[in-house]
Student: 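Supplied in structure tokens, the structure appears directly below.
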Amino acid sequence: MRSLIVVLFLAAGLGFLSPARAQDAAGLSPVRVESVQAEFTQEKHLPILARPIISKGTFVFQAPASLRWEYLSPVHSVLLMDDGRTRKFIQRNGQFVEEQGMGVDSMAIVLQEITGWLDGHISDTPTFKAKVQEGGLIVLTPKESALARIISRIELRLAGKSGLMESVTLYEGPDSLTKLIFSHGVLNEKIPAATFMKP
Amino acid sequence: MSIMQRLVGEKTILRGALKSVLPCVFLLLLAACSALQPVHLPDLTDLDAVDDSQAGQFLQRCRNNFVTGNWQFVHSIAFKMADGGGATVIGVTVLDGQKLHCALMTVEGLVLFEAELAQEKLAVSRALPPFDNPEFARGLIRDVQAIFLPPAGEEPKAAGRLVGGELVCRYHADNGQITDLLVDEKGSRINIYDPDLNRSRSIVAGSPITVAAERVPETLELTASGLSAYTLTMTLISADKI
């Protein structure tokens with residue numbers, strides 16, 4: 001479960017956090033990321049699904065280690081990482097309830113991954129091998145076989161020279177994938193500290 | 001105040017406290033015992049002459065409680081254990097002729113479990129911890145079948161009334177399991193009894209909506225009884241006839 005969560009949120013985090021370093025890896029001028037905010041639409045494709053499941057949400061990151069990853073629909077949930085603590089909340093009957101288990105404790109590891117990446121290059125990710133391709137595409141493949149059984153690869157697509165990511169696609173199997181498409185991205189704006197403290 | 005006086009005083013306070021706490025403890029124990037107490041299959045009274053004329057209509061209502069054809073359902077599922085633990089996941093159920101597919105994923109979209117049931121043969125294609133226990137797979141499929149498919153035998157063997165006067169369709173499976181189905185305008189209730197005639201599952205379906213001319217509940221609550229009791233609270237995200 002720990003590796004699952006790592007993959008999931010690393011992928012999600014990379015969507016916003018990696019552009020600066022991704023551009024660096026691609027030979028473009030790097031942008032120092034202090035904060036990132038964006039909206040996202042997530043498409044979940046499975047062979048058994050006649051049409052994908054669509055989720056929508058927002059993402060906020062503040063360097064060095066604060067994160068708010070919020071799904072607004074179909075299930076309103078908030079993942080908060082702040083001051084080394086990771087918490088997950090689910091809205092039930094109009095109120096947020098903190099959920100334990102399901103790898104929530106392990107999410108602290110994710111934060112380490114993300115922040116570690118911010119301080120280095122994309123090729124230095126301890127978990128993934130990165131390959132920069134033409135057209136602003138970066139393909140990440142897991143270094144460990146245990147992880148490869150869960151996730152075969154991640155594709156990151158850069159949004160031109162804006163310093164933001166256009167999309168992240170996480171492949172679990174040949175026809176099973178999760179695609180995150182980002183919009184309304186804003187870099188390096190001041191974010192209130194309370195954003196990362198409560199749902 | 002002497003040590004003796006203090007001890008006597010503390011003893012009195014302790015006795016008083018115990019007096020007020022003990023009834024509460026007793027009530028809690030009683031409540032816990034009654035929660036574990038099995039619920040037995042209730043007796044059915046035969047339908048009277050007036051009911052007989054409506055029996056056909058009622059049996060049809062029971063049949064209509066289950067969708068027909070190929071469907072795709074997506075639910076949010078809040079799983080709650082008796083000890084208070086639990087989690088929320090997204091569940092996908094696809095009814096495809098003789099096949100039943102189901103998948104569980106995190107709210108973030110990562111697939112934790114995926115399986116297919118065809119001609120009573122279960123094939124698990126993905127099962128990540130903590131969903132990699134074979135017993136979990138069998139239990140999950142049993143719950144999915146109970147929620148979405150007509151009980152084994154398909155046709156109710158009897159319709160009758162409970163003591164409270166509620167109309168019920170009763171299904172008998174070959175393995176001795178008995179299923180009672182109660183349907184009204186607000187939803188339906190399914191009670192499943194094991195061969196010992198103790199209730200093992202109850203499913204309450206509410207807020208029915210019409211999709212492709214069929215009745216689909218927006219809310220479902222499955223309660224599994226026994227020592228490893230749990231509750232699944234399911235909220236419909238989408239229902240599509242495919």
Side-chain angles (χ1 to χ4, degrees), chain A residues 1-9 11-12 40 42-55 57 69-79 88-93 97-104 106-107 110 146 149-151 168-170 172-173 175-180, chain B residues 69-81 83-96 99-118 123 125-132 144 218-219 231 233-242:
Chain A
M1 180 53 73
R2 174 177 145 164
S3 49
L4 287 183
I5 302 298
V6 168
V7 169
L8 182 66
F9 287 93
F40 66 84
Q42 179 179 296
E43 295 174 6
K44 181 70 208 178
H45 296 262
L46 283 175
I48 64 167
L49 283 171
R51 59 187 178 91
I53 299 170
I54 306 294
S55 308
W69 180 244
E70 181 169 10
Y71 284 85
L72 301 169
S73 68
V75 178
H76 197 170
S77 69
V78 182
L79 175 80
K88 185 178 180 178
F89 297 87
I90 296 272
Q91 195 179 47
R92 283 191 210 132
N93 304 320
V97 178
E98 186 165 358
E99 283 211 340
Q100 307 289 342
M102 293 287 287
V104 172
S106 309
M107 289 178 191
V110 179
R149 282 199 296 273
I150 298 165
I151 189 88
V168 172
T169 310
L170 190 147
E172 289 170 270
D175 302 311
S176 177
L177 61 94
T178 306
K179 185 171 188 180
L180 291 149
Chain B
N70 298 349
W71 284 81
Q72 175 186 300
F73 297 101
V74 180
H75 289 90
S76 73
I77 305 173
F79 178 79
K80 196 174 175 189
M81 300 287 290
D83 65 4
T88 302
V89 294
I90 290 179
V92 178
T93 310
V94 178
L95 309 177
D96 176 13
K99 287 184 189 170
L100 187 153
H101 309 260
C102 68
L104 291 179
M105 62 187 81
T106 63
V107 170
E108 294 81 14
L110 194 73
V111 179
L112 302 167
F113 179 86
E114 203 175 343
E116 179 187 290
L117 182 73
S125 52
R126 187 177 174 95
L128 303 181
F131 301 103
D132 53 351
V144 171
E218 280 195 306
T219 59
T231 305
T233 305
M234 301 171 63
T235 308
L236 186 69
I237 292 171
S238 66
D240 294 284
K241 191 150 191 175
I242 51 177

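Quick note on labels: first sequence line is chain A, next is B, and so on, each numbered from 1.
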Student: At a heavy-atom separation under 4.5 Å, does B:Val94 approach chain A through its side chain, its backbone, both, or neither?
Tutor: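 Only the side chain of B:Val94 comes within 4.5 Å of chain A.
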Student: May I ask you to test the A:Pro74-B:Ile90 pair for a side-chain heavy-atom distance under 4.5 Å?
Tutor: yes
Student: Measure A:Leu49 against the heavy atoms of chain B and call it side chain, backbone, both or neither at under 4.5 Å.
Tutor: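 Both the backbone and the side chain of A:Leu49 come within 4.5 Å of chain B.
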Student: Out of curiosity, A:Arg92 CZ to B:Thr88 OG1, how far, rounded to the nearest 0.5 Å?
Tutor: 4.0 Å
Student: Restricting to side-chain contact (heavy atoms from CB on, under 4.5 Å), what partner residues turn up for A:Gln42, sequence neighbours left out?
Tutor: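 Counting only residues at least two positions away or on another chain, A:Gln42 forms a side-chain contact (heavy atoms from CB on, under 4.5 Å) with A:Phe40, A:Ser55, A:Tyr71, A:Thr178, A:Leu180.
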Student: Chain B heavy atoms under 4.5 Å from A:Ser73: which part of the residue, side chain, backbone, both or neither?
Tutor: neither
Student: Would you compute the distance between atom CG of A:Leu170 and atom CD of B:Glu108 and round it to the nearest 0.5 angstrom?
Tutor: 11.5 Å
Student: Once you round to the nearest 0.5 Å, how far does CD1 of B:Ile237 lie from CD1 of A:Ile54?
Tutor: 12.0 Å
Student: Between A:Ile48 and chain B, which part of the residue has a heavy atom less than 4.5 Å away: side chain, backbone, both or neither?
Tutor: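 Both backbone and side chain.
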Student: Under 4.5 Å between any side-chain heavy atoms of A:Lys44 and B:Val92, yes or no?
Tutor: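 No; the side chains remain at least 4.5 Å from each other.
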Student: For A:Arg51, check side-chain hydrogen bond (donor to acceptor under 3.5 Å, both in side chains) against everything at least two apart and list the hits.
Tutor: B:Asp240
Student: First locate atom CD of A:Glu172, then atom CG of B:Leu128, and finally report the distance between them rounded to the nearest 0.5 Å.
Tutor: 8.0 Å
Student: What part of B:Ser238 gets within 4.5 angstrom of chain A, counting heavy atoms only: side chain, backbone, both, or neither?
Tutor: side chain
Student: Does NZ in B:Lys241 sit with more than 12 non-hydrogen atoms of other residues, nucleotides or ligands closer than 6.0 Å?
Tutor: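 Atom NZ in B:Lys241 is crowded, with more than 12 foreign heavy atoms closer than 6.0 Å.
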Student: Return the CD1 to CG distance between A:Ile150 and B:Leu110, rounded to the nearest 0.5 Å.
Tutor: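 Going from the CD1 atom of A:Ile150 to the CG atom of B:Leu110 covers 7.5 Å.
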Student: If I measure from the heavy atoms of chain A, does B:Glu114 come under 4.5 Å with its side chain, its backbone, both, or neither?
Tutor: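 For B:Glu114, side-chain heavy atoms alone lie under 4.5 Å from chain A.
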Student: Working note: A:Leu46 + B:Met105, criterion side-chain contact (heavy atoms from CB on, under 4.5 Å); need CA distance, chi angles, decisive distance, verdict.
Tutor: CA-CA 11 Å; A:Leu46 283 175; B:Met105 62 187 81; 3.6 Å; yes
